[in-house]
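The block underneath contains the structure these notes are about, expressed in structure tokens.
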Amino acid sequence: MDAVLSRMRDLQACIEDANRRYHVLDDPSIPDAEYDRLLRELEELERSHPDLADPDSPTRRVGDRPSGRFEEVAHAVPMLSLGNAFSDEEVADFVARIEKETGDADPVFSAEPKLDGLAVSLRYEYGVLVRGATRGDGSTGEDVTANLRTIRCIPLKLLGAAPDVLEVRGEVFMDRAGFAAYNERALAEGEKTLANPRNGAAGSLRQLDPRITAKRPLSFYAYALGEVSALPPRIETHSQALAWLRTLGLPVCPETAAVRGLEGVLAFYRRLGERRDALPYDIDGSVYKLDRYDQQRAMGFVSRAPRWAIAHKYPAQEQMTAVEAIDIQVGRTGAITPVARLLPVAVAGVTVTNATLHNADQVARLDVRIGDSVIVRRAGDVIPEVVRVVDHLRPLDSGGAPLHPAYALPLQCPVCGSAIEREQGEVVARCTGGLFCPAQRRQALIHFASRRAMDIEGLGERLIEDLVDLGYVQTVADLYALTLDSFLEMKRRVDLRDGTTPETAKSGKVPSKWAENLIAAIAASRETTLDRILFALGIRDVGASTAKTLARHFGALDALMEADPEALQQVPDIGPVVAARIRHFFAEPHNRAVIAALRANGVHWPEGAPQRAGDGPLAGMSVVLTGGLASMSRDEAGARLEALGAKISGSVSKKTSVVVAGEAAGSKLAKARELGIETWDEARLLAVLSGHGIDAGA
DNA sequence: TGGCCTCGAGTTCA
DNA sequence: CTCGAGGCCA
């Protein structure tokens with residue numbers, strides 16, 4: 001019981017603190033999702049232990065006291081908050097409750113996006129805006145009339161026949177474009193940037209100088225009524241009220257729609273969710289309001305929220321979690337990457353356990369330490385990132401100093417013990433162990449086997465790790481000496497090491513199929529091409545594209561190996577730096593030995609005369625492929641275009657001649673349109689290929 | 001020398 | 001996908 005009580009008091013303190021920071025300081029300390037979670041936990045504890053509930057618990061209040069910088073305003077009709085639903089089930093419960101209590105089997109809801117901004121109340125008397133206030137704690141807010149008057153879409157005078165008194169509730173928000181522009185400027189001028197658009201809106205409204213507010217790109221959508229002296233007749237639903245507000249000149253969110261029953265609200269939720277990223281403003285959910293006023297009255301209220309409305313939240317894009325450790329990863333080139341190991345947390349639908357910290361500079365910028373609470377986000381792309389540290393949750397020692405020191409990169413490679421060095425002016429630190437370092441050896445092998453290199457199917461990271469750790473493979477050439485027996489023996493040793501039951505014991509026969517397939521895949525990779533083997537060798541700064549150029553330019557490996565720096569720099573896109581790296585690679589006796597061993601093991605590729613000048617019908621064209629093609633893969637399409645002399649590039653710029661856009665083409669197509677670059681659909685591509693005698697099929 | 005344009009390298013999870 | 005840096009051109 002003591003434990004419950006102390007947990008409740010802890011939660012209360014956390015929530016109060018978060019409230020204060022959010023409402024009074026405009027400086028949120030924890031993400032909304034975390035706040036909601038804490039509040040729910042406290043609510044549940046209070047429900048199961050009503051005797052322990054504090055009468056002043058934050059669950060009984062909507063927000064917090066105003067900051068005192070502005071006049072206080074008492075709301076004639078309180079501004080309530082909404083209950084939240086985080087799952088379809090909770091929405092189903094909400095709808096079922098309404099159906100049961102109203103007796104309406106198919107109730108109509110007004111559904112609208114839940115804008116991520118700041119709730120305000122506008123008071124019009126005789127059609128003139130006389131006062132605007134923030135929500136504050138729900139019953140008392142702050143008078144921010146002067147600031148609200150600067151928002152262009154808020155009418156200072158209503159159109160038509162307005163009632164004597166009309167209070168309109170709605171959301172003030174900053175759209176994404178405005179937010180981005182604000183931060184860009186703040187960054188350029190060395191000012192503090194805003195954490196998110198909602199803070200932009202809140203911070204702007206709290207400016208003491210309305211001239212500053214006037215420069216902020218704020219908008220407003222009305223979504224509810226407060227005090228109204230006389231509602232026009234025949235307004236019996238929320239939808240009708242919104243339509244009426246529109247006629248008075250008040251902006252209402254165009255996404256708002258009337259929907260029917262559970263099916264209707266869930267369909268609205270999904271439709272809106274799909275378009276979430278495309279909307280010009282941030283939303284954090286949908287809101288459903290029972291449309292008929294008589295039904296709303298029948299449902300009534302619970303302490304802090306109406307029972308006839310609910311906010312259905314989308315999975316949070318930001319979450320708070322704890323850093324359990326900061327580990328080091330060693331890349332193929334020795335690059336040292338610090339990685340935050342996180343307490344698993346669900347962010348936008350997936351569980352995140354790792355997040356890259358990129359490099360030492362980034363760690364220093366964020367000042368991430370072990371034990372810290374951090375905000376994790378999955379931004380536009382998929383890869384999670386640590387956005388910031390929640391400073392006031394940092395663990396402290398008894399003296400009040402941080403428990404953990406600032407993180408410093410180790411001086412020695414944690415894998416091989418070699419020195420870690422950072423070259424002058426470079427951002428990345430590197431392990432100097434080279435192929436002596438097992439981590440680099442492993443990465444080199446993974447690279448060698450990868451699809452764009454030797455394309456050895458089935459030889460994945462796990463297998464390579466075991467092969468390297470157990471000493472079966474030292475260099476890439478050793479792969480070609482592996483036999484069926486060595487794989488089976490290795491498997492036995494792995495099972496023994498991990499304590500896993502050998503499959504041989506379970507099935508009673510030798511499960512050699514996977515090993516046979518692997519041997520076959522390795523054998524198949526013996527027949528390759530010069531550009532693949534060049535790429536596979538893993539020369540620094542020689543990627544797939546440069547390898548292709550080198551292969552074409554020299555035609556044969558020996559010619560490349562003997563080329564001096566001057567000869568190398570004759571190759572397009574090769575300058576002094578890359579030339580030196582290539583020379584350095586081939587000067588290394590170990591690398592020459594590996595190449596000899598590969599050849600001795602039967603790895604071969606066609607060699608031919610150097611092709612220096614690009615020719616073919618599409619010579620000089622720079623083509624970018626994007627989106628999925630139905631009749632062939634992008635790689636195949638690229639190979640065919642290259643056969644015609646075109647250059648395939650990965651990014652769109654004004655030098656691009658054509659963008660081939662397949663299914664679901666994204667940002668590259670958008671960029672092409674923006675730059676006015678010619679685009680081809682798949683049909684056009686096929687026509688061009690067959691027009692030059694290239695068979696598009698198979 | 002500065003400002004593109006590219007390429008390379010590293011990264012997460014189902 | 002994004003960042004960093006090499007290469008090229010004005």
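In what follows, every chain begins at residue 1, and chains take the letters A, B, ... in the order their sequences are listed. Only this structure's heavy atoms are used, side chains among them; waters, hydrogens and symmetry mates stay out.
In the displayed structure, E426(A) atom CD is contacted under 6.0 Å by more than 12 heavy atoms of other residues, nucleotides or ligands. The local environment of CD in E457(A) is sparse, with at most 12 non-hydrogen atoms from other residues, nucleotides or ligands closer than 6.0 Å. Open room surrounds CZ on R452(A); 12 or fewer heavy atoms of other groups in view lie less than 6.0 Å from it.
One can place CD of Q362(A) at 21 Å from P of dA9(B), the figure rounded to the nearest angstrom. Look at CD on E461(A): it is 11 Å from P on dT11(B), rounded to the nearest Å. Distance R332(A) CZ to dG10(B) C1': 10 Å, rounded to the nearest Å. With rounding to whole Å, I539(A) atom CD1 is found 13 Å from dG8(B) atom C1'. Between N359(A) atom CG and dT11(B) atom C1' there is a gap of 13 Å when expressed in whole angstrom units. Distance, H358(A) NE2 to dT11(B) P: 10 Å, rounded to whole Å. When the C1' atom of dA9(B) is taken as reference, atom NE2 of H447(A) falls 10 Å away, rounded to whole Å. One atom, CG of L357(A), and another, P of dT11(B), lie 11 Å apart when rounded to the nearest Å.
Here T353(A) reaches the OP1 or OP2 of dC13(B): one of its side-chain N or O atoms lies under 4.0 Å away. In terms of phosphate contacts, T333(A) brings a side-chain nitrogen or oxygen within less than 4.0 Å of OP1 or OP2 of dG10(B). Within the structure, a side-chain polar atom (N or O) of N354(A) is placed less than 4.0 Å from OP1 or OP2 of dC13(B). Checking the phosphate oxygens (OP1, OP2) of dT11(B), a side-chain nitrogen or oxygen of Q329(A) falls inside 4.0 Å.
Of the candidates dG4(C), dG10(B), dG6(C), dG4(C) carries the atom nearest the V427(A) side chain, counting heavy atoms from C-beta on. In the set dG7(C), dG10(B), dC13(B), dG7(C) carries the atom at the smallest distance from any side-chain atom of P576(A). Ranking dG7(C), dT12(B), dT11(B) by closeness to the V578(A) side chain, first place goes to dG7(C).
A salt bridge links D558(A) with R599(A): the distance from a Lys NZ or Arg NE/NH1/NH2 to an Asp or Glu carboxylate oxygen falls below 4.0 Å. E465(A) and R442(A) are joined by a salt bridge, as a carboxylate oxygen and a charged side-chain nitrogen come within less than 4.0 angstrom of each other. In this structure, D495(A) pairs ionically with K491(A), as a charged nitrogen and a carboxylate oxygen lie closer than 4.0 Å.
Residues V389(A) and V374(A) are in side-chain contact: their nearest non-hydrogen atoms beyond the backbone lie under 4.5 Å apart.
No contact: V428(A) has no heavy atom under 4.0 Å from any strand.
Closest-nucleotide positions on DNA chain B for I336(A) and T351(A) were compared, and the one nearer the 5' end corresponds to I336(A).
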Enumerate all atom pairs, one protein N or O and one N or O from nucleotides 3-7 of chain B, separated by less than 3.5 Å.
from   : atom 1 : to      : atom 2 : distance (Å)
dT6(B) : OP1    : S653(A) : OG     : 3.3
dT6(B) : OP2    : S653(A) : OG     : 2.6
dC7(B) : OP1    : K647(A) : NZ     : 3.2
dC7(B) : O3'    : T546(A) : OG1    : 3.2

